[in-house]
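A note on names: the letters A, B, ... follow the listed sequences, proteins ahead of strands, and every chain is numbered from 1.
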There are 2 protein chains.
Amino acid sequence: MAAQIAPILDDLEQASALEHLQTVIERLRDSFAVDHLVYHWVNSSGEQYGCGTYDPVWVQRYIDQGYLRIDPVISGCFQRFHPVDWKRLDWSSKAARAFLQDALGHGVGNQGFSIPIRGPNGQFALFTVNHSCDDATWEAFTERHRKDLILVAHYFNQKALEFEPGRTPEPAQALSPRELEAMTLLAVGYNRAQAAQSLDISEHTLRVYIESARFKLGALNTTHAVARALSRGIIVV
Amino acid sequence: MAAQIAPILDDLEQASALEHLQTVIERLRDSFAVDHLVYHWVNSSGEQYGCGTYDPVWVQRYIDQGYLRIDPVISGCFQRFHPVDWKRLDWSSKAARAFLQDALGHGVGNQGFSIPIRGPNGQFALFTVNHSCDDATWEAFTERHRKDLILVAHYFNQKALEFEPGRTPEPAQALSPRELEAMTLLAVGYNRAQAAQSLDISEHTLRVYIESARFKLGALNTTHAVARALSRGIIVV
DNA sequence: TTTCAACTCCCCCGATCCGGTGAGGGGTGC
DNA sequence: GCACCCCTCACCGGATCGGGGGAGTTGAAA
(Lines give C-alpha, C1' and ligand atoms only; values in the text may rest on other atoms or scores of the structure.)
Protein backbone atom coordinates (compact mmCIF):
# COMPACT_ATOMS: atom_id res chain seq x y z
CA MET A 1 0.00 0.00 0.00
CA ALA A 2 3.04 2.23 -0.24
CA ALA A 3 1.43 4.38 -2.88
CA GLN A 4 3.93 5.77 -5.32
CA ILE A 5 2.11 8.91 -6.19
CA ALA A 6 5.04 11.01 -7.37
CA PRO A 7 5.02 9.67 -10.97
CA ILE A 8 1.26 10.05 -11.12
CA LEU A 9 1.54 13.63 -9.98
CA ASP A 10 4.12 14.26 -12.68
CA ASP A 11 1.74 12.80 -15.23
CA LEU A 12 -1.02 14.93 -13.84
CA GLU A 13 1.12 17.99 -14.30
CA GLN A 14 1.50 17.10 -17.97
CA ALA A 15 -2.19 16.54 -18.54
CA SER A 16 -3.39 18.61 -21.44
CA ALA A 17 -7.10 17.93 -21.43
CA LEU A 18 -9.91 17.58 -19.00
CA GLU A 19 -10.47 13.97 -19.94
CA HIS A 20 -7.04 13.03 -18.69
CA LEU A 21 -8.07 13.87 -15.17
CA GLN A 22 -10.50 10.97 -15.14
CA THR A 23 -7.71 8.58 -16.09
CA VAL A 24 -5.41 10.03 -13.49
CA ILE A 25 -7.98 9.77 -10.75
CA GLU A 26 -8.58 6.13 -11.55
CA ARG A 27 -4.87 5.39 -11.41
CA LEU A 28 -4.68 7.19 -8.10
CA ARG A 29 -7.55 5.17 -6.73
CA ASP A 30 -5.78 1.97 -7.67
CA SER A 31 -2.57 3.27 -6.20
CA PHE A 32 -4.21 4.12 -2.90
CA ALA A 33 -6.26 0.93 -3.07
CA VAL A 34 -9.50 2.56 -2.01
CA ASP A 35 -13.05 2.29 -3.27
CA HIS A 36 -13.47 5.81 -4.54
CA LEU A 37 -11.62 9.01 -5.23
CA VAL A 38 -13.50 12.13 -6.20
CA TYR A 39 -12.59 15.64 -7.16
CA HIS A 40 -15.60 17.86 -6.85
CA TRP A 41 -15.62 21.49 -7.85
CA VAL A 42 -18.45 23.52 -6.40
CA ASN A 43 -18.84 26.51 -8.60
CA SER A 44 -19.89 29.68 -6.91
CA SER A 45 -22.99 29.79 -9.11
CA GLY A 46 -24.11 26.44 -7.77
CA GLU A 47 -22.94 24.59 -10.85
CA GLN A 48 -20.79 21.59 -10.25
CA TYR A 49 -18.01 19.87 -12.05
CA GLY A 50 -16.23 16.83 -10.92
CA CYS A 51 -14.49 13.69 -11.86
CA GLY A 52 -14.15 10.58 -9.84
CA THR A 53 -15.06 6.99 -9.48
CA TYR A 54 -18.52 7.17 -8.00
CA ASP A 55 -21.33 5.40 -9.81
CA PRO A 56 -22.63 7.87 -12.45
CA VAL A 57 -26.15 7.07 -11.29
CA TRP A 58 -25.26 8.39 -7.86
CA VAL A 59 -23.58 11.48 -9.28
CA GLN A 60 -26.68 12.31 -11.30
CA ARG A 61 -28.92 11.64 -8.35
CA TYR A 62 -26.76 13.89 -6.18
CA ILE A 63 -27.29 16.72 -8.62
CA ASP A 64 -30.96 16.08 -9.29
CA GLN A 65 -31.87 15.86 -5.64
CA GLY A 66 -30.01 19.04 -4.83
CA TYR A 67 -27.90 17.15 -2.31
CA LEU A 68 -25.30 19.86 -2.67
CA ARG A 69 -27.36 21.94 -0.28
CA ILE A 70 -27.69 19.39 2.48
CA ASP A 71 -24.50 17.36 2.13
CA PRO A 72 -22.71 17.76 5.47
CA VAL A 73 -19.41 17.17 3.69
CA ILE A 74 -19.92 20.34 1.69
CA SER A 75 -21.13 22.54 4.50
CA GLY A 76 -18.63 21.12 6.94
CA CYS A 77 -15.61 21.49 4.71
CA PHE A 78 -16.67 24.93 3.63
CA GLN A 79 -16.04 26.23 7.09
CA ARG A 80 -12.80 24.38 7.64
CA PHE A 81 -9.30 24.51 6.30
CA HIS A 82 -7.87 21.17 7.31
CA PRO A 83 -8.82 17.84 5.80
CA VAL A 84 -11.73 16.32 7.63
CA ASP A 85 -12.90 12.82 8.36
CA TRP A 86 -16.57 12.32 7.59
CA LYS A 87 -17.13 10.95 11.06
CA ARG A 88 -16.33 14.34 12.51
CA LEU A 89 -19.02 16.11 10.54
CA ASP A 90 -22.48 16.91 11.78
CA TRP A 91 -24.87 14.20 10.62
CA SER A 92 -27.53 15.00 13.19
CA SER A 93 -30.16 16.48 10.92
CA LYS A 94 -32.78 14.20 9.50
CA ALA A 95 -32.04 15.32 5.96
CA ALA A 96 -28.36 14.54 6.42
CA ARG A 97 -29.06 11.02 7.65
CA ALA A 98 -31.45 10.36 4.78
CA PHE A 99 -28.79 11.59 2.39
CA LEU A 100 -26.23 9.28 3.94
CA GLN A 101 -28.53 6.29 3.61
CA ASP A 102 -29.15 7.12 -0.01
CA ALA A 103 -25.41 7.44 -0.61
CA LEU A 104 -24.60 4.13 1.02
CA GLY A 105 -27.28 2.55 -1.13
CA HIS A 106 -25.51 3.76 -4.23
CA GLY A 107 -22.12 2.25 -3.58
CA VAL A 108 -20.57 5.01 -1.52
CA GLY A 109 -18.37 3.62 1.22
CA ASN A 110 -18.95 4.29 4.90
CA GLN A 111 -15.60 5.99 5.44
CA GLY A 112 -14.69 9.31 3.94
CA PHE A 113 -11.91 11.84 4.12
CA SER A 114 -12.33 15.15 2.34
CA ILE A 115 -9.86 17.92 1.70
CA PRO A 116 -11.24 21.39 1.04
CA ILE A 117 -9.33 23.41 -1.53
CA ARG A 118 -9.79 27.04 -2.37
CA GLY A 119 -8.70 29.06 -5.33
CA PRO A 120 -8.94 32.64 -6.48
CA ASN A 121 -12.32 34.34 -6.72
CA GLY A 122 -13.85 32.22 -4.05
CA GLN A 123 -13.38 28.98 -5.93
CA PHE A 124 -14.06 26.00 -3.75
CA ALA A 125 -13.48 22.34 -4.40
CA LEU A 126 -13.29 19.09 -2.54
CA PHE A 127 -10.97 16.18 -2.94
CA THR A 128 -12.47 13.14 -1.32
CA VAL A 129 -11.25 9.64 -0.69
CA ASN A 130 -13.94 7.12 0.15
CA HIS A 131 -13.79 3.53 1.30
CA SER A 132 -15.56 0.76 3.10
CA CYS A 133 -13.78 -0.49 6.18
CA ASP A 134 -13.74 -0.25 9.95
CA ASP A 135 -12.76 2.86 11.85
CA ALA A 136 -9.33 1.73 12.98
CA THR A 137 -8.21 0.74 9.50
CA TRP A 138 -9.49 4.00 8.15
CA GLU A 139 -7.71 6.08 10.71
CA ALA A 140 -4.46 4.30 9.96
CA PHE A 141 -4.98 4.94 6.27
CA THR A 142 -5.73 8.63 6.58
CA GLU A 143 -2.91 9.15 9.02
CA ARG A 144 -0.50 7.47 6.66
CA HIS A 145 -1.57 9.17 3.45
CA ARG A 146 -2.57 12.54 4.75
CA LYS A 147 0.37 14.37 3.21
CA ASP A 148 0.07 12.60 -0.11
CA LEU A 149 -3.63 13.36 -0.29
CA ILE A 150 -3.08 17.03 0.41
CA LEU A 151 -0.57 17.18 -2.42
CA VAL A 152 -2.80 15.30 -4.80
CA ALA A 153 -5.70 17.60 -3.99
CA HIS A 154 -3.52 20.59 -4.61
CA TYR A 155 -2.23 19.34 -7.96
CA PHE A 156 -5.67 18.30 -9.04
CA ASN A 157 -7.17 21.65 -8.33
CA GLN A 158 -4.34 23.37 -10.12
CA LYS A 159 -5.10 21.38 -13.25
CA ALA A 160 -8.81 21.90 -12.96
CA LEU A 161 -8.26 25.64 -12.72
CA GLU A 162 -6.11 25.56 -15.84
CA PHE A 163 -8.82 23.81 -17.78
CA GLU A 164 -11.68 25.85 -16.47
CA PRO A 165 -12.91 28.06 -19.25
CA GLY A 166 -13.96 31.57 -18.48
CA ARG A 167 -11.57 32.00 -15.63
CA THR A 168 -9.72 35.27 -15.26
CA PRO A 169 -11.87 37.35 -17.54
CA GLU A 170 -13.91 38.67 -14.65
CA PRO A 171 -11.27 39.46 -12.06
CA ALA A 172 -9.74 41.87 -14.55
CA GLN A 173 -12.35 44.29 -13.27
CA ALA A 174 -10.83 44.78 -9.86
CA LEU A 175 -12.61 47.10 -7.47
CA SER A 176 -10.93 50.31 -6.39
CA PRO A 177 -10.00 50.75 -2.72
CA ARG A 178 -12.97 52.97 -2.03
CA GLU A 179 -15.31 50.56 -3.72
CA LEU A 180 -13.92 47.76 -1.61
CA GLU A 181 -14.43 49.81 1.53
CA ALA A 182 -17.97 50.59 0.49
CA MET A 183 -18.76 46.94 -0.18
CA THR A 184 -17.20 45.91 3.10
CA LEU A 185 -19.21 48.39 5.12
CA LEU A 186 -22.42 47.33 3.43
CA ALA A 187 -21.54 43.72 4.09
CA VAL A 188 -21.32 44.38 7.82
CA GLY A 189 -24.77 45.89 7.90
CA TYR A 190 -24.24 49.60 7.42
CA ASN A 191 -26.78 51.44 5.32
CA ARG A 192 -25.67 54.08 2.87
CA ALA A 193 -25.86 56.94 5.34
CA GLN A 194 -23.84 55.11 7.98
CA ALA A 195 -21.26 53.88 5.49
CA ALA A 196 -20.85 57.36 4.08
CA GLN A 197 -20.37 58.79 7.53
CA SER A 198 -17.91 56.05 8.36
CA LEU A 199 -15.84 56.86 5.27
CA ASP A 200 -16.30 60.57 5.95
CA ILE A 201 -17.71 61.27 2.51
CA SER A 202 -21.12 62.37 1.30
CA GLU A 203 -23.80 59.80 0.86
CA HIS A 204 -23.95 60.60 -2.80
CA THR A 205 -20.28 59.86 -3.28
CA LEU A 206 -20.80 56.57 -1.58
CA ARG A 207 -23.60 55.85 -4.00
CA VAL A 208 -21.23 56.41 -6.89
CA TYR A 209 -18.91 53.76 -5.47
CA ILE A 210 -21.71 51.34 -4.93
CA GLU A 211 -23.04 51.81 -8.43
CA SER A 212 -19.56 51.50 -9.85
CA ALA A 213 -18.92 48.34 -7.89
CA ARG A 214 -22.29 46.97 -8.93
CA PHE A 215 -21.38 47.55 -12.54
CA LYS A 216 -17.92 46.03 -12.25
CA LEU A 217 -19.27 43.00 -10.47
CA GLY A 218 -22.08 42.60 -12.95
CA ALA A 219 -24.53 42.74 -10.08
CA LEU A 220 -28.23 43.45 -10.28
CA ASN A 221 -28.47 45.28 -6.96
CA THR A 222 -26.44 46.11 -3.89
CA THR A 223 -27.11 42.85 -2.11
CA HIS A 224 -26.04 40.96 -5.20
CA ALA A 225 -22.88 43.03 -5.46
CA VAL A 226 -21.95 42.34 -1.86
CA ALA A 227 -22.69 38.65 -2.34
CA ARG A 228 -20.46 38.48 -5.38
CA ALA A 229 -17.68 40.39 -3.72
CA LEU A 230 -17.84 37.97 -0.82
CA SER A 231 -17.95 34.81 -2.83
CA ARG A 232 -15.10 36.00 -5.00
CA GLY A 233 -13.15 36.58 -1.87
CA ILE A 234 -12.35 40.19 -2.64
CA ILE A 235 -13.90 41.38 0.59
CA VAL A 236 -14.11 39.63 3.95
CA VAL A 237 -16.60 40.05 6.73
CA MET B 1 20.26 19.92 0.86
CA ALA B 2 17.99 16.93 1.19
CA ALA B 3 15.73 18.73 3.59
CA GLN B 4 14.15 16.40 6.10
CA ILE B 5 10.99 18.32 6.67
CA ALA B 6 8.76 15.50 7.91
CA PRO B 7 9.90 15.72 11.55
CA ILE B 8 9.59 19.48 11.47
CA LEU B 9 6.07 19.19 10.15
CA ASP B 10 5.24 16.81 12.97
CA ASP B 11 6.61 19.31 15.45
CA LEU B 12 4.60 22.01 13.78
CA GLU B 13 1.48 19.96 14.20
CA GLN B 14 2.16 19.79 17.93
CA ALA B 15 2.76 23.51 18.29
CA SER B 16 0.55 24.92 20.99
CA ALA B 17 1.30 28.61 20.81
CA LEU B 18 1.84 31.26 18.22
CA GLU B 19 5.40 31.81 19.36
CA HIS B 20 6.36 28.29 18.38
CA LEU B 21 5.75 29.11 14.75
CA GLN B 22 8.69 31.48 14.74
CA THR B 23 10.96 28.73 16.00
CA VAL B 24 9.62 26.29 13.46
CA ILE B 25 10.09 28.68 10.59
CA GLU B 26 13.70 29.26 11.55
CA ARG B 27 14.36 25.54 11.68
CA LEU B 28 12.75 25.17 8.29
CA ARG B 29 14.91 27.93 6.85
CA ASP B 30 18.02 26.16 8.08
CA SER B 31 16.73 22.89 6.74
CA PHE B 32 16.10 24.33 3.30
CA ALA B 33 19.33 26.34 3.53
CA VAL B 34 17.82 29.52 2.16
CA ASP B 35 18.09 33.15 3.22
CA HIS B 36 14.50 33.70 4.28
CA LEU B 37 11.24 31.95 4.90
CA VAL B 38 8.09 33.93 5.59
CA TYR B 39 4.52 33.13 6.43
CA HIS B 40 2.35 36.14 5.84
CA TRP B 41 -1.35 36.33 6.58
CA VAL B 42 -3.09 39.09 4.70
CA ASN B 43 -6.42 40.14 6.06
CA SER B 44 -8.34 42.07 3.45
CA SER B 45 -9.16 44.67 6.07
CA GLY B 46 -5.50 45.57 5.81
CA GLU B 47 -4.37 43.91 9.00
CA GLN B 48 -1.43 41.62 8.69
CA TYR B 49 0.10 38.91 10.74
CA GLY B 50 3.15 36.98 9.90
CA CYS B 51 6.25 35.31 11.08
CA GLY B 52 9.45 34.79 9.25
CA THR B 53 13.08 35.61 9.04
CA TYR B 54 13.06 38.98 7.34
CA ASP B 55 14.78 41.87 9.06
CA PRO B 56 12.21 43.36 11.48
CA VAL B 57 13.13 46.79 10.15
CA TRP B 58 11.98 45.71 6.71
CA VAL B 59 8.79 44.17 8.05
CA GLN B 60 7.90 47.40 9.85
CA ARG B 61 8.76 49.44 6.79
CA TYR B 62 6.59 47.19 4.65
CA ILE B 63 3.64 47.89 6.91
CA ASP B 64 4.29 51.59 7.38
CA GLN B 65 4.72 52.28 3.70
CA GLY B 66 1.56 50.41 2.82
CA TYR B 67 3.54 48.13 0.53
CA LEU B 68 0.77 45.60 0.91
CA ARG B 69 -1.18 47.51 -1.71
CA ILE B 70 1.54 47.64 -4.34
CA ASP B 71 3.51 44.47 -3.69
CA PRO B 72 3.27 42.48 -6.93
CA VAL B 73 3.72 39.29 -4.92
CA ILE B 74 0.46 39.97 -3.11
CA SER B 75 -1.59 41.05 -6.09
CA GLY B 76 -0.09 38.38 -8.32
CA CYS B 77 -0.62 35.52 -5.92
CA PHE B 78 -4.10 36.69 -5.07
CA GLN B 79 -5.25 35.86 -8.57
CA ARG B 80 -3.42 32.57 -8.81
CA PHE B 81 -3.69 29.20 -7.27
CA HIS B 82 -0.32 27.65 -8.02
CA PRO B 83 2.95 28.64 -6.41
CA VAL B 84 4.63 31.39 -8.32
CA ASP B 85 8.20 32.45 -8.94
CA TRP B 86 8.71 36.15 -8.36
CA LYS B 87 10.28 36.48 -11.79
CA ARG B 88 6.94 35.65 -13.38
CA LEU B 89 5.13 38.47 -11.67
CA ASP B 90 4.39 41.83 -13.17
CA TRP B 91 7.06 44.30 -12.02
CA SER B 92 6.37 46.80 -14.77
CA SER B 93 4.78 49.57 -12.75
CA LYS B 94 7.00 52.28 -11.37
CA ALA B 95 5.77 51.72 -7.84
CA ALA B 96 6.56 48.01 -8.05
CA ARG B 97 10.15 48.61 -9.15
CA ALA B 98 10.69 51.16 -6.40
CA PHE B 99 9.32 48.67 -3.92
CA LEU B 100 11.69 46.00 -5.18
CA GLN B 101 14.71 48.26 -4.85
CA ASP B 102 13.70 49.10 -1.31
CA ALA B 103 13.30 45.43 -0.49
CA LEU B 104 16.70 44.46 -1.90
CA GLY B 105 18.20 47.25 0.16
CA HIS B 106 16.81 45.68 3.31
CA GLY B 107 18.29 42.24 2.95
CA VAL B 108 15.61 40.61 0.84
CA GLY B 109 17.10 38.20 -1.67
CA ASN B 110 16.67 38.57 -5.41
CA GLN B 111 14.92 35.22 -5.83
CA GLY B 112 11.51 34.46 -4.46
CA PHE B 113 8.93 31.72 -4.60
CA SER B 114 5.53 32.30 -3.03
CA ILE B 115 2.67 29.93 -2.38
CA PRO B 116 -0.81 31.39 -1.99
CA ILE B 117 -3.01 29.69 0.58
CA ARG B 118 -6.66 30.25 1.19
CA GLY B 119 -8.89 29.37 4.08
CA PRO B 120 -12.53 29.74 4.99
CA ASN B 121 -14.17 33.14 4.99
CA GLY B 122 -11.86 34.48 2.35
CA GLN B 123 -8.75 34.06 4.42
CA PHE B 124 -5.62 34.55 2.37
CA ALA B 125 -2.01 33.97 3.26
CA LEU B 126 1.34 33.63 1.59
CA PHE B 127 4.18 31.29 2.28
CA THR B 128 7.34 32.63 0.73
CA VAL B 129 10.85 31.32 0.37
CA ASN B 130 13.47 33.90 -0.50
CA HIS B 131 17.11 33.61 -1.45
CA SER B 132 20.02 35.25 -3.21
CA CYS B 133 21.40 33.26 -6.10
CA ASP B 134 21.37 32.97 -9.88
CA ASP B 135 18.35 31.93 -11.88
CA ALA B 136 19.47 28.41 -12.71
CA THR B 137 20.25 27.50 -9.13
CA TRP B 138 16.95 28.92 -8.04
CA GLU B 139 14.97 27.02 -10.59
CA ALA B 140 16.61 23.79 -9.54
CA PHE B 141 15.80 24.55 -5.93
CA THR B 142 12.14 25.35 -6.50
CA GLU B 143 11.71 22.38 -8.78
CA ARG B 144 13.18 20.11 -6.18
CA HIS B 145 11.36 21.39 -3.14
CA ARG B 146 8.06 22.38 -4.68
CA LYS B 147 6.08 19.59 -3.08
CA ASP B 148 7.67 20.06 0.32
CA LEU B 149 6.99 23.75 0.22
CA ILE B 150 3.34 23.24 -0.62
CA LEU B 151 2.98 20.92 2.32
CA VAL B 152 4.78 23.25 4.67
CA ALA B 153 2.58 26.14 3.55
CA HIS B 154 -0.50 24.05 4.16
CA TYR B 155 0.53 22.94 7.63
CA PHE B 156 1.59 26.41 8.56
CA ASN B 157 -1.68 27.92 7.58
CA GLN B 158 -3.56 25.23 9.43
CA LYS B 159 -1.74 26.15 12.61
CA ALA B 160 -2.20 29.86 12.07
CA LEU B 161 -5.93 29.33 11.66
CA GLU B 162 -6.05 27.34 14.88
CA PHE B 163 -4.43 30.16 16.76
CA GLU B 164 -6.49 32.86 15.18
CA PRO B 165 -8.82 34.20 17.83
CA GLY B 166 -12.48 34.64 17.07
CA ARG B 167 -12.74 31.72 14.70
CA THR B 168 -15.82 29.50 14.68
CA PRO B 169 -17.32 30.80 17.91
CA GLU B 170 -20.65 31.38 16.19
CA PRO B 171 -23.40 29.17 17.56
CA ALA B 172 -24.92 29.53 14.13
CA GLN B 173 -28.65 29.13 14.57
CA ALA B 174 -29.77 27.11 11.62
CA LEU B 175 -32.06 28.65 9.04
CA SER B 176 -35.16 26.84 7.85
CA PRO B 177 -35.23 25.54 4.26
CA ARG B 178 -37.44 28.35 3.09
CA GLU B 179 -35.23 30.92 4.74
CA LEU B 180 -32.21 29.40 3.04
CA GLU B 181 -33.95 29.54 -0.30
CA ALA B 182 -34.91 33.13 0.30
CA MET B 183 -31.34 34.09 1.22
CA THR B 184 -29.97 32.25 -1.77
CA LEU B 185 -32.28 33.97 -4.21
CA LEU B 186 -31.48 37.36 -2.75
CA ALA B 187 -27.79 36.54 -2.97
CA VAL B 188 -28.07 35.94 -6.72
CA GLY B 189 -29.65 39.30 -7.29
CA TYR B 190 -33.37 38.70 -7.15
CA ASN B 191 -35.50 41.36 -5.53
CA ARG B 192 -38.31 40.37 -3.23
CA ALA B 193 -40.93 40.24 -5.96
CA GLN B 194 -38.80 38.02 -8.17
CA ALA B 195 -37.77 35.78 -5.33
CA ALA B 196 -41.37 35.39 -4.22
CA GLN B 197 -42.42 34.50 -7.73
CA SER B 198 -39.55 32.08 -8.01
CA LEU B 199 -40.64 30.32 -4.83
CA ASP B 200 -44.26 30.58 -5.91
CA ILE B 201 -45.33 32.32 -2.72
CA SER B 202 -46.62 35.79 -2.01
CA GLU B 203 -44.16 38.57 -1.53
CA HIS B 204 -45.44 39.02 2.00
CA THR B 205 -44.58 35.49 2.89
CA LEU B 206 -41.16 35.92 1.47
CA ARG B 207 -40.72 38.96 3.66
CA VAL B 208 -41.49 36.90 6.71
CA TYR B 209 -38.66 34.54 5.79
CA ILE B 210 -36.26 37.35 5.21
CA GLU B 211 -37.12 38.99 8.51
CA SER B 212 -36.85 35.69 10.29
CA ALA B 213 -33.49 34.96 8.71
CA ARG B 214 -32.33 38.46 9.53
CA PHE B 215 -33.23 37.89 13.14
CA LYS B 216 -31.58 34.49 13.37
CA LEU B 217 -28.42 35.75 11.76
CA GLY B 218 -28.34 38.80 13.97
CA ALA B 219 -28.27 40.94 10.86
CA LEU B 220 -29.10 44.61 10.63
CA ASN B 221 -30.60 44.45 7.16
CA THR B 222 -31.09 42.13 4.23
CA THR B 223 -27.69 42.72 2.70
CA HIS B 224 -26.08 42.03 6.04
CA ALA B 225 -28.07 38.84 6.43
CA VAL B 226 -27.02 37.58 3.01
CA ALA B 227 -23.42 38.49 3.75
CA ARG B 228 -23.49 36.57 7.01
CA ALA B 229 -25.15 33.57 5.46
CA LEU B 230 -22.46 33.54 2.79
CA SER B 231 -19.50 33.96 5.05
CA ARG B 232 -20.79 31.30 7.41
CA GLY B 233 -21.06 29.02 4.48
CA ILE B 234 -24.72 28.18 5.06
CA ILE B 235 -25.62 29.29 1.57
CA VAL B 236 -23.50 29.05 -1.57
CA VAL B 237 -23.81 31.38 -4.50
C1' DT C 1 0.36 65.92 -23.38
C1' DT C 2 -3.49 63.94 -23.23
C1' DT C 3 -6.24 60.51 -21.75
C1' DC C 4 -8.30 57.98 -18.29
C1' DA C 5 -9.53 56.13 -13.82
C1' DA C 6 -10.42 57.31 -9.25
C1' DC C 7 -12.39 60.44 -5.96
C1' DT C 8 -15.40 64.05 -4.50
C1' DC C 9 -19.86 66.78 -4.46
C1' DC C 10 -25.06 68.28 -5.68
C1' DC C 11 -30.57 67.67 -6.87
C1' DC C 12 -34.84 64.96 -7.99
C1' DC C 13 -38.18 61.22 -7.99
C1' DG C 14 -40.13 56.73 -8.58
C1' DA C 15 -39.31 51.98 -7.07
C1' DT C 16 -38.22 49.16 -3.45
C1' DC C 17 -37.56 47.77 1.13
C1' DC C 18 -38.34 47.85 6.26
C1' DG C 19 -40.93 47.52 10.57
C1' DG C 20 -44.88 46.94 13.03
C1' DT C 21 -49.22 44.39 13.75
C1' DG C 22 -52.23 41.03 12.53
C1' DA C 23 -54.16 35.98 11.55
C1' DG C 24 -54.58 30.97 10.51
C1' DG C 25 -53.14 25.88 9.65
C1' DG C 26 -49.67 22.07 10.07
C1' DG C 27 -46.16 19.48 12.23
C1' DT C 28 -43.12 17.90 16.29
C1' DG C 29 -42.09 17.12 20.91
C1' DC C 30 -42.86 17.02 25.98
C1' DG D 1 -52.97 19.10 25.32
C1' DC D 2 -50.05 22.68 24.75
C1' DA D 3 -46.06 24.84 23.42
C1' DC D 4 -43.22 26.00 19.62
C1' DC D 5 -41.62 26.40 15.10
C1' DC D 6 -42.52 26.45 10.17
C1' DC D 7 -45.36 27.94 6.30
C1' DT D 8 -48.81 30.93 4.43
C1' DC D 9 -51.29 35.47 3.71
C1' DA D 10 -52.60 40.87 4.38
C1' DC D 11 -52.14 46.39 5.03
C1' DC D 12 -49.63 50.68 5.71
C1' DG D 13 -46.37 54.55 6.43
C1' DG D 14 -41.90 55.91 6.51
C1' DA D 15 -37.11 54.90 5.36
C1' DT D 16 -34.02 53.46 1.93
C1' DC D 17 -32.42 52.41 -2.59
C1' DG D 18 -31.86 52.99 -7.64
C1' DG D 19 -31.51 55.62 -11.82
C1' DG D 20 -31.33 59.92 -14.20
C1' DG D 21 -29.10 64.10 -14.73
C1' DG D 22 -24.22 67.30 -14.13
C1' DA D 23 -19.21 68.87 -12.49
C1' DG D 24 -14.85 69.47 -10.46
C1' DT D 25 -9.91 67.69 -8.80
C1' DT D 26 -6.02 64.66 -8.69
C1' DG D 27 -2.60 61.49 -10.26
C1' DA D 28 -0.84 57.98 -13.02
C1' DA D 29 -0.31 55.85 -17.41
C1' DA D 30 0.22 56.10 -22.54
Rounded distance (Å) that lies between atom C1' of C/dC17 and atom CE of B/Met183: 13 Å

- line: In whole angstroms, the gap separating P of C/dA6 from CD of A/Glu181 amounts to 14 Å

For atom NE2 of B/His204 and atom C1' of C/dA23, their distance in whole Å: 14 Å

query: Any donor-acceptor pair under 3.5 Å joining the side chain of B/Arg214 to the base of C/dG19?
result: no

statement: Rounded to the nearest 0.5 angstrom, the CD1-CD1 distance for A/Ile117 and B/Ile117 is 14.0 Å

field: D/dC5 phosphate, OP1 or OP2, under 4.0 Å from B/Ser176 side-chain N/O
entry: no

Nearest-nucleotide comparison on DNA chain D, the residue closer to the 5′ end among A/Val208 and B/Ser93: A/Val208

- prompt: Which is true for B/Ser212 with a 4.0 Å heavy-atom rule: it touches a base, it touches only sugar-phosphate, or it touches nothing?
  reply: nothing

- request: Return no unless some side-chain N or O of A/Lys216 is found under 4.0 Å from OP1 or OP2 of C/dA6.
  value: yes

field: Residues B/Glu179 and B/Arg214 bridged, charged N to O under 4.0 Å
entry: no

message: Can you tell whether the side chains of B/Arg207 and B/Glu211 come within less than 4.0 Å, N to carboxylate O?
response: yes

- prompt: Within this structure, what is the CZ-to-P distance between B/Phe215 and C/dG20, rounded to whole angstrom?
  reply: 12 Å

- prompt: Does A/His40 have its ring centroid less than 6.0 Å away from the ring centroid of A/Tyr62?
  reply: yes

query: Are A/Phe163 and A/Trp41 close enough that their ring centres sit under 6.0 Å apart?
result: no

query: What's the CG-P distance between B/Asn221 and C/dT16, to the nearest Å?
result: 18 Å

query: Under 4.0 Å: is that the gap between some side-chain N or O of A/Thr222 and OP1 or OP2 of D/dC17?
result: no

message: Students often get this wrong, so: under 4.0 angstrom with heavy atoms, is A/Arg178 touching a base, only sugar-phosphate, or nothing?
response: sugar-phosphate

- request: Return the value, rounded to whole Å, for the distance between atom CG of B/Asn191 and atom C1' of D/dG18.
  value: 12 Å

- request: Assign B/Ser202 to base, sugar-phosphate, or nothing according to its heavy-atom contacts below 4.0 angstrom with the strands shown.
  value: sugar-phosphate

- prompt: For the pair made of CD in B/Glu211 and C1' in D/dC9, what is the distance, rounded to whole Å?
  reply: 14 Å

- request: Ignoring backbone atoms, establish whether A/Arg192 has a side-chain N or O less than 4.0 Å from OP1 or OP2 of D/dT16.
  value: no

query: What integer distance in Å separates A/Arg207:CZ from C/dA6:P?
result: 19 Å

message: On DNA chain D, compare the nucleotides closest to B/Glu179 and A/Ile210; which residue's is nearer the 5' end?
response: B/Glu179

